[in-house]
Amino acid sequence: ASKLPVSLVDVQRAAELIGPYIHRTPVMSSACLDGLAGRSLLFKCELLQKTGSFKARGLLNGAFAAKARGIGTVVTHSSGNAGQALAWAASRAGMQAVVVVPRSAPAIKKAAIAGYGAEIVVCEVETQ
């Protein structure tokens with residue numbers, strides 16, 4: 001038995017669950033960067049993933065898990081990628097999403113979050 005909180009079987013189940021909804025993103029290499037690093041490097045191109053980041057994977061799995069527990073709304077605070085991914089994931093899971101967004105967040109990020117169907121709550125940024 002694994003001492004880790006997440007087992008290989010958990011990861012395999014998650015992959016099976018979210019597989020129909022996400023892109024299988026490529027792994028790329030670069031001879032130039034390999035030469036600079038002195039070793040072989042591989043790059044997982046998650047910018048090609050739904051919502052433009054790897055966050056869609058985990059948040060979709062989390063949204064499905066929340067829905068299975070009877071939760072109907074998910075909430076996050078984000079100025080961009082996580083908010084977009086949660087909004088997208090919630091819509092795929094048939095849930096509502098609320099994203100608290102700093103007033104200073106880029107308009108394009110706010111538009112993407114709203115475009116995926118989330119309710120946006122704008123907050124002030126505090127600096128101390």
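Applying the ring-ring contact (aromatic ring centres under 6.0 Å, His included) rule to pairs touching residues 47-71 yields Tyr21-Phe64, sequence neighbours excluded.
In terms of heavy atoms, Ser78 sits closest to Pro102 at O-CD, 3.5 Å. When all heavy atoms of Ala56 and Ala85 are compared, the closest pair comes out as N-CB, 3.7 Å. Nearest approach of Ile22 to Leu60, heavy atoms of both residues: CG2-CD2, 4.2 Å. Closest heavy-atom contact between Gly83 and Ile113: C-CG1, 3.7 Å. Taking both residues in full, the closest heavy atoms of Ala105 and Ser79 are given as CB-O, 3.9 Å, listed atom of the first, atom of the second, then distance. Counting all heavy atoms, side chain and backbone alike, Val75 lies closest to Leu86 at C-CD2, 3.9 Å.
Partners of Lys44 by side-chain hydrogen bond (donor to acceptor under 3.5 Å, both in side chains), not counting sequence neighbours, listed by chain and number: Thr25. Residues satisfying the side-chain hydrogen bond (donor to acceptor under 3.5 Å, both in side chains) criterion with Lys109, sequence neighbours excluded, are Asn81.
One hydrophobic cluster, built from ILVMFWY side chains closer than 4.5 Å, cannot hold both Val74 and Val99; they sit in different ones. No path of Ile, Leu, Val, Met, Phe, Trp and Tyr side chains, each step under 4.5 Å between heavy atoms, connects Phe43 with Leu48, placing them in separate hydrophobic clusters. In the hydrophobic cluster analysis, where Ile, Leu, Val, Met, Phe, Trp and Tyr join through side-chain heavy atoms closer than 4.5 angstrom, Val100 is grouped apart from Ile71.
The main-chain N or O of Lys55 is found under 3.5 Å from a side-chain atom of Ser53 such that the two form a donor-acceptor pair. The closest donor-acceptor contact from the side chain of Glu124 to the backbone of Arg103 lies at 3.5 Å or more, if one exists at all. The backbone N or O of Ala93 sits less than 3.5 Å from a side-chain atom of Lys67, completing a donor-acceptor pair.
Here Asn61 contributes atom CG and Glu16 contributes atom CD; the two are 11.5 Å apart, rounded to the nearest 0.5 Å. We find the CG-CZ distance between Asp34 and Arg39 to be 10.5 Å, quoted to the nearest 0.5 Å. Taken from OG1 in Thr76 to CG in Leu59, the straight-line distance is 7.5 Å, to the nearest 0.5 Å.
The 12-atom threshold is not exceeded at CD1 of Ile108, counting heavy atoms of other residues, nucleotides or ligands nearer than 6.0 Å.
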Gln49 and Arg57: CA distance, side-chain angles, deciding distance, side chain to side chain contact (heavy atoms under 4.5 Å, CB included) verdict: CA-CA 9 Å; Gln49 189 50 262; Arg57 295 175 186 276; 3.1 Å; yes

